[in-house]
Colleague: 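What follows is a structure written as structure tokens; I'll ask about it next.
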Number of protein chains: 2
Amino acid sequence: MNQSFEKPRFKIIGSRPVRPDGVEMVTGKAAYGADFKMPGMLVGKVKRSPHAHARILSIEIDKAQALRGVKAVIVGRDLLELDSVEIPNGERTINLGHLSRNCLARDKVLYEGHAVAAVAATSPEIAEQALQLIDVIYEPLPHIIDIEAAMEADAPLLHENLFTKGLESPPKHPSNIASRIQLKRGDVETGLARADVLVERTYKTPSVHQGYIEPHACVASMSSDGQAKIWCSTQGAFMVRTVCAAMAGMDQANLRVIPSEIGGGFGGKTTIYLEPLALALSGKSGRPVKIVMNRDEVFRATGPASGAVMHISLGATVEGQMTAADVELKFQAGAFPGSPVTAAVAMSLALYDIPDFKITGWDVVTNTPKVGAYRAPGAPTATFAVESAVDELAKKLKLDPIELRRKNGVCNGMKAPYGPTYTSICYQETLDAIKSHPHYSAPLGPNQGRGVAAGFWFNFGGDSTAIVCINDDGSATVATGNPDIGGTRATMAMMAAEVLGLPVEKVRAIVADTASIGFSQITGGSRTTFATGIAVVDAASELVTRMKARAALIWDVPENIVDWKDGQAFCREVEKDNLRLTIAEIAKKACHTGGPLSVEVSVNPQGAAPAVGVHLCDVEVDQQTGHVTVLRYTVAQDVGRAIHPGCVEGQLQGGAVQGIGWALNEEYVYDSNGVMENPGFLDYRMPVASDLPMIETILIEMPNPHHPFGVKGVGEVPIVPPLAAVANAVYAATGRRFFNLPLSPPRVHAALKGNG
Amino acid sequence: MNQSFEKPRFKIIGSRPVRPDGVEMVTGKAAYGADFKMPGMLVGKVKRSPHAHARILSIEIDKAQALRGVKAVIVGRDLLELDSVEIPNGERTINLGHLSRNCLARDKVLYEGHAVAAVAATSPEIAEQALQLIDVIYEPLPHIIDIEAAMEADAPLLHENLFTKGLESPPKHPSNIASRIQLKRGDVETGLARADVLVERTYKTPSVHQGYIEPHACVASMSSDGQAKIWCSTQGAFMVRTVCAAMAGMDQANLRVIPSEIGGGFGGKTTIYLEPLALALSGKSGRPVKIVMNRDEVFRATGPASGAVMHISLGATVEGQMTAADVELKFQAGAFPGSPVTAAVAMSLALYDIPDFKITGWDVVTNTPKVGAYRAPGAPTATFAVESAVDELAKKLKLDPIELRRKNGVCNGMKAPYGPTYTSICYQETLDAIKSHPHYSAPLGPNQGRGVAAGFWFNFGGDSTAIVCINDDGSATVATGNPDIGGTRATMAMMAAEVLGLPVEKVRAIVADTASIGFSQITGGSRTTFATGIAVVDAASELVTRMKARAALIWDVPENIVDWKDGQAFCREVEKDNLRLTIAEIAKKACHTGGPLSVEVSVNPQGAAPAVGVHLCDVEVDQQTGHVTVLRYTVAQDVGRAIHPGCVEGQLQGGAVQGIGWALNEEYVYDSNGVMENPGFLDYRMPVASDLPMIETILIEMPNPHHPFGVKGVGEVPIVPPLAAVANAVYAATGRRFFNLPLSPPRVHAALKGNG
């Protein structure tokens with residue numbers, strides 16, 4: 001289903017061509033991170049901490065190094081000492097000291113699975129044996145995983161030099177609280193006092209993993225003259241170059257990063273784990289080194305989404321007008337500072353026009369893996385709390401939950417909690433789309449319930465570069481610096497084809513490496529189709545301008561009487577009215593009219609419009625087992641303009657599925673020693689196709705005025721509403737309100753039995 | 001030794017940094033054509049004709065196809081029918097009909113080694129066995145290898161539809177003469193009549209091979225959706241794309257060609273042999289296919305330089321003023337039209353100001369492999385004849401051979417035989433450099449002799465694209481579409497570094513593939529440092545302009561008071577006199593001042609200046625065996641500006657060595673059936689390091705005004721003079737004039753014994 005507010009007649013935008021990367025992927029030809037081989041390549045493996053928190057007293061590597069077939073062993077000190085360097089990477093700032101210590105521990109291990117050493121050997125068996133021969137002497141320390149316990153003044157400290165940032169007065173003692181951030185409007189106390197009805201609740205969500213199919217993998221090759229290459233599975237080859245070059249003390253020009261095909265990332269591949277290790281091992285051994293994680297390592301040692309504890313006080317008048325909200329978000333950062341609590345604070349109340357609010361966020365380190373980005377980082381967690389509270393408020397007010405949201409929902413012209421004024425927000429229209437959908441009023445059976453929830457993601461732009469070339473034969477190629485995680489080869493080709501007036505099959509897009517194209521930020525933030533798309537459209541438009549000039553030269557007429565339509569230049573002069581030149585004809589003469597037709601454009605565009613989604617979920621709860629079955633699920637989302645509606649629908653469906661998994665089953669389970677108990681897909685339960693109904697999608701197309709085709713980011717917001725939508729549906733089915741995720745059978749079963 | 005007419009103070013141009021590709025190459029890490037592997041890759045092999053000329057009556061492939069492990073078999077009809085298509089590729093026109101029939105014969109085989117079928121199988125052994133199972137029934141035809149015999153009216157015809165082009169009246173009958181071309185000035189008969197002294201001679205040179213170390217190799221992978229990739233060793237990835245896409249009937253956008261490291265080409269890798277076969281086999285089998293030639297195949301089935309028969313009449317007055325020259329060049333094209341006789345005609349008299357001349361060229365097909373380009377194609381052969389005649393003329397006139405050349409040599413302002421007026425030619429200065437060099441007057445021993453000869457190559461520009469990016473940390477990358485055959489990664493980085501004001505180690509250059517950069521013609525013609533260099537310099541200059549603008553933005557001053565020097569922007573305003581921003585500082589803020597700093601430039605520049613070389617050679621001739629030893633060898637060449645003198649010297653030395661091999665030993669030897677008898681480096685004798693003295697070089701730097709740093713092409717002209725220089729030295733040592741090459745021991749020995 002597709003609602004469009006404006007229907008310009010595009011030829012290609014909005015169509016559904018076969019994805020250009022499809023055949024390679026489904027036939028197994030696509031080369032992922034682990035598929036790259038080099039002559040003389042060694043196998044790298046990583047030794048990891050068995051302790052959740054310990055001081056490293058010594059690491060003895062002599063025996064491992066002496067093993068026949070072992071070519072290099074590295075420990076933390078083999079990466080550059082980077083205690084407090086922060087380097088810019090486009091607009092992101094990366095704390096390299098933390099990052100390098102996360103890749104390879106130095107004085108302390110901070111979580112079970114934390115890397116302490118790595119080896120490169122001629123076979124996996126020898127590498128494994130070498131790991132056994134590395135003798136690490138630890139002094140175990142008390143560990144802390146619970147967020148609120150970690151915030152206590154007497155909690156065991158992860159970092160003795162960590163002082164809370166953002167407090168009103170500078171802290172006297174170090175703590176596990178890395179920072180506090182706060183947004184405020186009006187006076188929350190007064191606002192809450194004005195409320196007739198109040199919901200005051202505490203919510204908890206667990207840490208969950210992105211669950212990408214492809215584990216992290218890379219090959220690094222360092223020459224003795226200091227030039228190096230890395231092949232890896234990443235969402236950002238330039239990010240890999242920036243951080244690896246810095247950790248190795250190299251110029252970026254000496255490091256070429258070539259992104260492989262990527263088997264899922266969802267934010268989890270916006271940072272690095274193995275790459276600097278492989279690079280250092282290659283430097284020591286003089287040979288290429290490949291390291292591939294297994295699933296156990298992915299769970300124990302890569303960055304999941306933050307677990308959180310959240311307190312909400314939400315007040316409204318009897319008429320359903322929200323008066324105030326006090327939101328406190330305590331986010332688990334894992335071993336090093338940097339949870340997505342800042343985004344969570346910014347997004348949590350972004351859909352509501354509340355006169356008085358206070359949102360406080362805490363970034364808390366714990367003895368768990370450093371958290372990573374996961375699709376709309378921070379927003380699903382905070383939204384679970386807010387949208388659960390809104391649902392409860394609607395019930396208390398006896399208002400239709402969509403009506404309550406309509407009454408209090410933001411519109412264009414209102415100010416977002418995090419600063420800007422909305423100019424392209426479609427919350428009301430998206431709520432209407434769900435309300436008027438047949439699903440909203442479909443009958444339900446016994447033990448069934450229906451829940452609704454909304455979600456917001458601000459989206460961003462950022463640095464992007466694109467190169468568009470017209471080939472000899474009039475076909476075209478598009479290169480960008482953005483790994484394709486969700487169909488961007490298709491959408492980039494489509495946008496270029498639309499501008500050029502070529503059939504889309506004549507335009508092919510590739511992902512270029514870091515030496516072949518200008519800087520491009522990671523694929524993420526729902527920025528690529530927006531920002532990189534602008535670079536592509538600008539480059540293609542410049543090519544049209546140049547091709548008109550070439551046609552003018554060929555015809556010997558002034559440029560200003562040459563027009564462009566449907567992939568052809570034509571002449572407006574009456575007596576030359578029959579003059580036409582196709583792209584192929586102009587391309588054939590390019591060398592005689594000034595040289596090849598190729599344009600590179602770099603941009604850092606503003607105007608990425610926020611995305612809004614409203615999800616509707618029906619569940620049935622098994623009274624005997626507590627098992628929750630999702631029966632029906634509908635996603636409505638303002639997508640700006642769907643370049644390739646199939647890709648957009650896939651994003652909406654995929655985000656919903658991941659959110660449903662988060663709601664129902666996924667969680668990191670630790671034993672009393674801080675050791676993860678479920679580091680595999682048998683025990684860490686993600687939904688599979690047979691667990692779920694087909695996710696229905698409603699694309700609402702309100703074009704973003706800041707993109708030439710109206711694109712808004714679409715990939716992240718679909719994971720934001722499901723946690724609350726499912727929980728609200730379970731409430732509707734059972735009459736029991738759940739404040740903790742996941743809604744796994746044991747928890748639901750206990751609640752149904754009155755023990756929850 | 002280095003003579004420079006102007007010494008601007010460059011920081012990097014003219015220095016000798018370590019080559020950035022050196023370590024990879026000498027440590028064996030560089031990946032050449034045969035080094036690429038893909039999962040599931042098959043081995044391809046080619047069945048070749050045992051006959052020099054035969055009709056193919058039938059090809060039976062069923063038995064081969066039925067062999068277990070054989071996944072595809074192709075014959076000529078599996079390539080697109082392309083009888084008479086010519087396609088432009090930049091400024092070159094390629095006859096695809098001939099090219100496809102050269103890659104895979106259809107109705108006839110035209111030389112021994114001509115490909116007739118190809119197979120792809122799971123192992124080399126199975127592929128070899130499959131070749132044996134292919135049953136080809138031939139009707140042998142009379143073959144013809146001798147050029148003049150092939151020109152006879154009753155010679156066996158290779159192509160029944162080949163009619164000579166360029167005759168005064170259209171031919172009535174087909175022949176083996178593909179075309180005649182002629183350049184004239186004045187009236188040659190009158191001019192020759194005016195001469196007091198006349199040299200009239202016939203010269204013969206054999207076909208010789210470029211002898212690159214790396215045999216042709218490629219991997220092709222075709223997907224079922226029609227998208228494909230080719231990795232191969234080539235001098236022009238875009239050329240491979242153009243011809244392979246056309247032969248496969250694909251859009252160029254659907255074919256990505258990735259050039260490997262190249263282990264020598266010298267012109268021999270400016271065309272294709274295996275690539276369309278591998279592509280077709282991959283299309284049929286659905287799997288990637290690798291084909292690698294062995295040395296035998298390289299000799300029998302790839303394109304050597306033309307053999308030739310040349311007649312010269314050269315006249316002069318007793319004062320040594322040349323009056324006229326009548327030159328006739330009969331060039332062997334091999335199996336299909338297209339010898340370099342056109343270039344030979346254009347270059348043969350390019351160094352002499354002769355009032356009356358006629359140069360006639362004949363392009364003749366023979367039952368030998370289709371000739372390929374080999375360093376200054378056509379010029380060494382024609383120059384052997386002309387410079388031998390000039391030497392003989394000097395002897396007859398009792399003039400110093402350099403004086404005769406000085407007297408008749410061209411200067412700026414004179415018109416070249418092939419049209420243009422010289423504006424940047426340095427023949428006189430190059431002659432002077434040799435004459436004033438100690439080598440010219442060094443004493444000689446018994447059986448020793450000294451020869452001199454000059455050479456000319458016109459050089460060209462052509463389509464080139466370059467991308468220069470400034471990285472986050474202030475280092476820079478340069479991408480071009482030109483495979484590096486002679487150090488262009490070094491020279492491109494040096495030119496960019498000079499413009500940007502960066503240390504050269506902070507600038508790294510790569511060779512980009514066809515999907516990552518705009519069209520670029522082949523690396524060849526001595527065009528790359530000139531034309532691609534201009535694209536690099538233009539892109540770097542545009543970056544300087546942009547960085548000045550970014551600095552102005554950061555300082556909030558007008559752009560026109562920002563200057564650039566030594567990699568820094570500075571402000572001319574007095575009160576802001578201390579303002580400085582390095583590239584790294586500007587780069588760090590790039591995202592906040594407009595986005596990444598990256599520029600692509602495509603050019604097709606005019607103004608490639610011709611190159612002139614004068615070579616001086618001392619030999620000693622063993623009276624017992626006829627063996628010629630080169631004792632001393634000096635090359636003087638106008639190089640415009642030597643960006644990296646070490647790379648330039650290497651070109652001069654390498655060209656001289658290849659020319660010496662051509663002069664002394666190299667030749668294709670055929671038996672009476674037209675079967676090559678010496679297809680290996682044991683029997684085809686190329687000079688090795690121990691055969692030769694160190695080649696001394698004199699770089700004469702007269703900057704080319706049409707290149708920002710004064711570059712002229714340097715790579716080709718050094719192979720032009722040696723054939724004559726060696727022959728003239730052997731004459732000086734023995735008193736015997738040789739008109740046929742090579743000067744191998746049997747031929748020299750026979751001549752010394754009075755039988756030559």
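Residue numbers begin at 1 in each chain, while the letters A, B, ... track the order of the sequences.
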Colleague: Looking at B:N604, B:T593, B:I510, which makes the most heavy-atom pairs under 4.5 Å with chain A?
Modeller: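 Ranked by heavy-atom pairs under 4.5 Å with chain A, first place is B:I510.
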Colleague: Select one option (side chain, backbone, both, neither) describing which atoms of B:C591 are under 4.5 Å from chain A's heavy atoms.
Modeller: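 Both the backbone and the side chain of B:C591 come within 4.5 Å of chain A.
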Colleague: Chain B: which of A:A512, A:P605, A:G594, A:A535 shares the most heavy-atom pairs with it under 4.5 Å?
Modeller: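 Top option by heavy-atom pairs under 4.5 Å: A:G594.
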Colleague: Decide if atom NZ of B:K290 counts as having more than 12 heavy atoms of other residues, nucleotides or ligands within a radius under 6.0 Å.
Modeller: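 Enclosed.
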Colleague: Out of curiosity, A:E24 CD to B:D225 CG, how far, rounded to the nearest 0.5 Å?
Modeller: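 With rounding to 0.5 Å, CD (A:E24) is 7.5 Å from CG (B:D225).
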Colleague: To the closest 0.5 Å, what do you measure between CG (A:D251) and OG1 (B:T477)?
Modeller: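 These two atoms lie 11.5 Å from each other.
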Colleague: Give, as side chain, backbone, both or neither, the part of B:M41 having an atom under 4.5 angstrom from any heavy atom of chain A.
Modeller: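 Neither; nothing under 4.5 Å.
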Colleague: Where does B:T465 contact chain A at under 4.5 Å (heavy atoms): side chain, backbone, both or neither?
Modeller: side chain
Colleague: Does anything in residues 25-37 of chain A reach chain B? List residues with heavy atoms under 4.5 Å apart, or say none.
Modeller: A:K29
Colleague: Set out, in order, the CA-CA distance, both residues' side-chain angles and the distance that settles side chain to side chain contact (heavy atoms under 4.5 Å, CB included) for B:D472 and A:F519, then state yes or no.
Modeller: CA-CA 8 Å; B:D472 270 15; A:F519 181 81; 3.9 Å; yes
Colleague: Side chain, backbone, both or neither: which part of B:Q227 has a heavy atom under 4.5 Å from chain A?
Modeller: side chain
Colleague: Measure distances from A:S224 to the heavy atoms of chain B and classify the residue's part below 4.5 Å as side chain, backbone, both or neither.
Modeller: both
Colleague: Which region of B:A515, side chain (C-beta onward) or backbone (N, CA, C, O), has a non-hydrogen atom less than 4.5 Å from a non-hydrogen atom of chain A, or is it both or neither?
Modeller: both
Colleague: Relative to chain A, which segment of B:S516 carries a heavy atom at a distance below 4.5 Å: side chain, backbone, both, or neither?
Modeller: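 B:S516 touches chain A through backbone and side-chain heavy atoms alike.
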Colleague: Identify which part of B:E505 has an atom lying under 4.5 Å from any heavy atom of chain A, answering side chain, backbone, both or neither.
Modeller: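 For B:E505, the backbone is the part near chain A, not the side chain.
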Colleague: Can you tell me which portion of B:P20 sits under 4.5 Å from chain A's heavy atoms? Options are side chain, backbone, both or neither.
Modeller: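 Its backbone and side chain both get close to chain A.
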Colleague: Say whether B:S475 and A:Q252, considering side chains only, have a donor N or O and an acceptor N or O under 3.5 Å apart.
Modeller: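 There is no such pair (donor and acceptor under 3.5 Å, judged by atom type) between the side chains of B:S475 and A:Q252.
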Colleague: State the OG1-CG distance between A:T242 and B:D473, to the nearest 0.5 angstrom.
Modeller: 8.0 Å
Colleague: Taking all heavy atoms of B:A476 and all of A:A253, pick out the closest pair and write down the distance.
Modeller: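 Nearest pair, atom of B:A476 first, then A:A253: O-CB, 3.2 Å.
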Colleague: Check step by step if side chain to side chain contact (heavy atoms under 4.5 Å, CB included) holds for A:N471 and B:R241.
Modeller: CA-CA 10 Å; A:N471 305 325; B:R241 184 179 71 170; 3.0 Å; yes
Colleague: Could you state the interatomic distance from CG (A:D21) to OG (B:S223), rounded to the nearest 0.5 Å?
Modeller: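 Taking CG in A:D21 and OG in B:S223, the distance rounds to 10.5 Å.
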Colleague: Looking only at heavy atoms and a cut-off of under 4.5 Å, which of A:A590, A:P88, A:P39 has the most pairs with chain B?
Modeller: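 Looking at each option in turn, the highest pair count goes to A:P88.
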Colleague: Tell me, out of A:I467, A:I517, A:V468, who's got the most heavy-atom pairs with chain B below 4.5 Å.
Modeller: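 Looking at each of A:I467, A:I517, A:V468 in turn, A:I467 comes out on top.
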Colleague: Looking at every heavy atom in both A:S602 and B:P596, which two are closest together, and how far apart are they?
Modeller: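 Closest heavy-atom pair between A:S602 and B:P596: CB-O, 3.3 Å.
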Colleague: Taking side chain as everything from C-beta outward and backbone as N, CA, C, O, which of these in B:V511 sits under 4.5 Å from a heavy atom of chain A? Side chain, backbone, both or neither.
Modeller: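 Only the backbone of B:V511 comes within 4.5 Å of chain A.
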